[in-house]
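Reminder, nothing fancy here: chain letters follow the sequence lines and each chain counts from 1. The model shown is predicted, which means the values in this text are computed figures rather than measured ones.
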There are 2 protein chains.
Amino acid sequence: MLKFASIMIQSEKPTIMDIARLSGLSKGTVDRVLHNRGEVSRKSYDKVMSVIKELGYEPNVIASALARGVSRRIALLIPEQTPGSFWELAGGGIAKASESVAPLGVSTVVFNYDQRDAESFRDACSRLLDAAPSGVVVAPIFGADTQMFTAELREHSIPYAFFDTKQDDEGYLAYFGLPEYKSGYLCADQLTLDRSASEVLLVRIKRDPLRQSDPTVIRRAGFMDYMSEHCPDCIVRTLFIDPGDPERTDQELDAFFAAFPGTTHVAMFNSRIHLIVPWLERHPAQTRRVVGFDNLKANMEALARGTVSVLIAQHPEEQVAMAIQALTDMIVMGRQPARRDNYMHMDILTRYNVEFY
Amino acid sequence: MLKFASIMIQSEKPTIMDIARLSGLSKGTVDRVLHNRGEVSRKSYDKVMSVIKELGYEPNVIASALARGVSRRIALLIPEQTPGSFWELAGGGIAKASESVAPLGVSTVVFNYDQRDAESFRDACSRLLDAAPSGVVVAPIFGADTQMFTAELREHSIPYAFFDTKQDDEGYLAYFGLPEYKSGYLCADQLTLDRSASEVLLVRIKRDPLRQSDPTVIRRAGFMDYMSEHCPDCIVRTLFIDPGDPERTDQELDAFFAAFPGTTHVAMFNSRIHLIVPWLERHPAQTRRVVGFDNLKANMEALARGTVSVLIAQHPEEQVAMAIQALTDMIVMGRQPARRDNYMHMDILTRYNVEFY
DNA sequence: ATTTTTTCCGTTACCGTGCACGGAATTCAA
DNA sequence: TTGAATTCCGTGCACGGTAACGGAAAAAAT
């Protein structure tokens with residue numbers, strides 16, 4: 001008797017059979033209750049539920065996954081993972097997360113689209129829907145199209161999560177991304193840390209007007225607010241460059257610094273700081289501090305060489321991994337995420353800590 | 001036919017039954033080969049191995065965990081998790097990691113010891129060995145005693161991993177911790193970012209001489225090297241305080257700053273920067289930059305208030321989680337970690353990004 | 001009261017491994 | 001050549017759930 005008692009203390013988790021026995025029903029019925037797929041009388045339902053609650057039963061996810069077979073699919077909808085791009089980083093996170101949810105019987109499948117082509121986005125959407133996934137992770141670039149897409153997901157009651165950019169949308173399960181405003185604020189603080197800034201250059205990308213949602217807009221607002229609060233006498237100028245034309249970029253930088261040679265501090269709000277690195281390295285004396293975003297390989301190398309002073313990293317690989325995790329929790333255990341909007345940490349990378357990322 | 005073909009594409013993983021069939025043996029024999037527990041003829045062994053290799057078979061961890069039952073235990077050996085301490089942070093990581101490895105049939109159990117009392121360490125060691133864990137994670141404070149302990153683990157062929165501090169030891173599976181030297185270097189860089197440092201104070205803790213391994217020693221070396229390379233004219237002074245006596249600490253700080261009123265930059269190499277925060281906040285004009293380590297709650301609050309300029313966070317919760325993960329990979333799938341020594345990222349926390357940690 | 005339909009529930013065959021048990025095949029001793 | 005001791009291997013149940021199937025009981029229709 002005592003032996004049994006001590007065994008009980010070893011936290012023998014109640015199984016589906018235990019609650020079947022205690023409620024005087026079979027495990028088939030209990031299973032129907034657990035997944036509430038009907039064919040259960042009100043009375044039995046209540047009985048089972050009360051026993052479940054009493055014993056604090058929670059299903060064994062691994063047995064569940066085994067029985068179900070590797071079947072649940074999470075589909076990802078993100079821009080093409082061009083080598084060296086922001087989205088390639090996200091790809092790494094997808095791979096890692098896939099591994100960790102695989103034992104739970106969840107697989108992932110990626111649908112890419114061209115971020116300059118709304119048509120390709122719509123195409124990817126429809127291919128994704130054909131695959132009938134159990135959950136979806138979206139990095140939404142095209143606002144209106146995304147709205148239509150998520151509406152369809154809601155209709156099929158497929159849960160979905162956003163990362164990187166959020167949509168005004170009532171149905172999403174979770175969002176993982178940077179606190180955009182604060183990231184601009186932080187950027188300005190890091191840029192002006194040496195207290196010697198008087199003329200600042202913001203380099204921006206000529207955007208395709210089709211692109212409807214752009215996280216850098218709010219980022220810029222945070223930046224400007226910091227500047228007017230902490231460096232009211234600073235002059236902030238903007239230069240637009242074309243990401244597809246390196247030579248033109250160089251010329252434009254030449255022209256800019258010829259016109260404003262007092263500019264010593266440079267910032268960019270997207271992941272493309274590496275585009276201006278060649279110019280900066282040909283004019284090492286021109287700038288005192290350079291701040292950019294995101295831990296792309298090219299960016300980190302420039303950081304290690306000292307060309308870039310600081311990178312603010314949002315680690316899209318973590319964001320997408322957490323989105324996948326949240327969807328898995330939902331799909332496998334029906335567990336709602338703790339928070340819906342998850343503003344993730346911003347890491348400050350300098351040449352002295354970059355090698356460990 | 002075509003339908004089946006498309007299903008086959010869905011990467012039907014080979015099972016133990018497949019390789020049994022193809023090698024003309026039974027799954028029992030295959031199982032014995034997989035866990036090489038003998039009772040298999042040389043011929044059968046080779047045959048099974050070749051089929052395994054050919055099919056690229058890898059065992060289904062979740063089925064394996066289910067069949068085995070929740071049994072494998074990983075024991076943690078760390079100092080007491082006093083509220084507000086560095087080790088409490090680690091506790092959070094343990095809880096999170098426990099959850100994620102639980103589905104794989106691995107549980108965790110923590111053994112605490114008093115970091116000022118070697119006897120309690122030895123006691124915890126023997127209690128841990130009695131529990132006969134399948135793997136061990138150690139934060140080694142007492143060098144010699146740890147050596148004896150790990151020797152015993154090796155004798156029982158129990159794999160073990162270090163975190164926070166490493167031991168000179170040939171048998172450990174993996175180590176997770178900060179790059180100590182670089183962290184000191186980074187600390188100096190962050191402290192002197194405003195280019196106005198001329199007199200610097202290092203606050204240190206009066207250590208119990210029993211404590212034999214202290215990660216802050218190397219950290220200090222990195223700090224001093226940076227200073228002599230980048231701020232050769234800076235004067236660096238040291239003050240020792242007693243962690244148990246706040247009033248005395250205040251008095252000593254009073255005395256120090258009375259003697260050296262030109263001191264504007266302060267750093268500490270351990271997680272106890274919060275000990276001097278009260279004094280700093282009573283003398284807000286005294287210091288220009290203050291740098292400390294570790295994301296303790298009290299430290300982060302001081303950071304948010306602006307008393308502390310920068311915290312370098314090593315996130316022990318991640319370190320211990322990765323150590324648990326590495327051991328789980330070893331125990332469950334026999335997979336060796338990719339790297340033995342894992343120097344983890346150092347995060348720079350400022351008042352503008354701290355709220356998202 | 002009998003048939004038909006619905007509602008509800010138990011049974012059963014898996015999912016992929018681990019492992020104990022027992023028996024066949026082989027080797028050794030007599 | 002026969003019996004005993006070893007090797008070696010196959011069988012079958014267990015792990016905790018899932019879900020299809022079929023049948024009993026209850027409700028509805030005739």
Side-chain angles (χ1 to χ4, degrees), chain A residues 10-48 51-52 55-72 102-107 134 331-334, chain B residues 7 10-48 51-52 55 57-72 102-107 134 331-334:
Chain A
Q10 276 277 23
S11 79
E12 299 280 341
K13 291 264 175 123
T15 74
I16 204 170
M17 278 306 267
D18 292 324
I19 75 165
R21 228 187 330 268
L22 284 180
S23 50
L25 291 161
S26 75
K27 64 178 182 154
T29 304
V30 175
D31 186 61
R32 276 185 288 269
V33 170
L34 285 171
H35 300 82
N36 53 298
R37 47 183 160 93
E39 310 203 357
V40 175
S41 71
R42 182 61 199 261
K43 197 177 136 201
S44 302
Y45 183 89
D46 291 343
K47 180 65 186 165
V48 169
V51 175
I52 284 177
L55 293 201
Y57 167 81
E58 42 190 60
N60 181 325
V61 279
I62 79 152
S64 167
L66 180 61
R68 203 190 321 113
V70 179
S71 64
R72 267 77 190 280
L104 270 34
V106 174
S107 62
S134 308
I331 292 169
V332 175
M333 346 206 197
Chain B
I7 287 175
Q10 279 278 26
S11 79
E12 300 279 342
K13 292 261 179 131
T15 74
I16 206 171
M17 277 305 264
D18 292 324
I19 75 165
R21 226 186 331 267
L22 284 180
S23 51
L25 292 160
S26 75
K27 68 178 183 131
T29 305
V30 175
D31 185 64
R32 276 185 287 269
V33 171
L34 284 171
H35 300 81
N36 51 300
R37 46 182 159 92
E39 309 203 358
V40 176
S41 71
R42 181 62 199 261
K43 197 176 134 199
S44 302
Y45 182 89
D46 291 343
K47 180 65 188 168
V48 168
V51 175
I52 284 177
L55 292 200
Y57 167 82
E58 41 191 62
N60 182 325
V61 279
I62 79 152
S64 168
L66 179 61
R68 203 190 320 118
V70 179
S71 63
R72 267 79 191 279
L104 269 32
V106 175
S107 62
S134 308
I331 293 168
V332 175
M333 346 207 197

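With rounding to whole Å, A:M17 atom CE is found 11 Å from D:dA14 atom P. Note: CG (A:D18) to P (D:dG17) measures 9 Å, nearest angstrom. When the C1' atom of D:dG17 is taken as reference, atom CG of A:N36 falls 16 Å away, rounded to whole Å. Regarding B:K43, its NZ atom lies at a distance of 9 Å from the P atom of D:dC9, rounded to whole Å. Spacing between atom CG of A:N60 and atom P of C:dC15 amounts to 18 Å, rounded to whole angstrom units. Atom CG in A:L66 sits roughly 13 Å away from atom C1' in C:dG18 (whole-Å rounding). Residue A:E58 contributes atom CD, which lies 14 Å from atom C1' of D:dG16 at whole-angstrom precision. Rounded to an integer number of Å, the gap from A:R72 CZ to D:dA19 C1' is 12 Å.
Only B:K27, B:D31, listed by number, bring a heavy atom of residues 25-33 of chain B to less than 4.0 angstrom from any atom of DNA chain C.
Between A:K13 and A:D18 there is no salt bridge, since no side-chain N of the basic residue sits under 4.0 Å from a carboxylate O of the acidic one. Comment: A:K27 does not engage A:D31 in a salt bridge, judged by the lack of any side-chain N to carboxylate O separation of less than 4.0 angstrom.
For B:A67, counting side-chain heavy atoms from C-beta on, the closest listed nucleotide (D:dG17, D:dC15, D:dA19) is D:dC15. Here D:dT18 is the nucleotide among D:dT18, D:dG17, C:dC19 with the atom lying nearest to any side-chain atom of A:R37.
Of all the heavy atoms in B:V48 and B:S23, the pair that sits closest is CG2-OG, 3.9 Å. Residues B:I331 and B:S134 approach most closely at CD1-O, 3.4 Å, considering heavy atoms. Taking each heavy atom of B:V30 and B:A20 in turn, the nearest pair found is CG2-CA, 3.7 Å.
The side chain of A:S41 places an N or O atom within less than 4.0 Å of a non-bridging phosphate oxygen (OP1 or OP2) of C:dC9. Between B:T15 and C:dC15 there is no side-chain polar atom (N or O) within less than 4.0 angstrom of OP1 or OP2. Phosphate contact (OP1/OP2 of D:dT18, side-chain N/O of A:S64, threshold under 4.0 Å): present. Remark: A:S44 is not in phosphate contact with C:dC8, judged by side-chain N or O atoms under 4.0 Å from OP1 or OP2. Note on B:H35: a side-chain N or O is less than 4.0 Å away from OP1 or OP2 of C:dG18.
For the pair A:I16/A:L34, a side-chain contact is recorded, criterion being any heavy-atom separation below 4.5 Å from C-beta on.
Heavy-atom neighbours of B:R42 CZ from other residues, nucleotides or ligands within 6.0 Å: at or below the threshold of 12.
Mapped onto DNA chain D by nearest heavy atom, A:E39 and A:I16 fall at different nucleotides, with A:I16 at the one closer to the 5' end.
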Q | Stepwise side-chain contact (heavy atoms from CB on, under 4.5 Å) check, B:V332 with B:R68 | A | CA-CA 10 Å; B:V332 175; B:R68 203 190 320 118; 4.2 Å; yes

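Residue-level contact check: B:Y45 touches neither bases nor backbone, having no heavy atom under 4.0 Å from any strand. Within 4.0 Å of A:R42, counting heavy atoms only, lies no atom of the nucleic acid at all.
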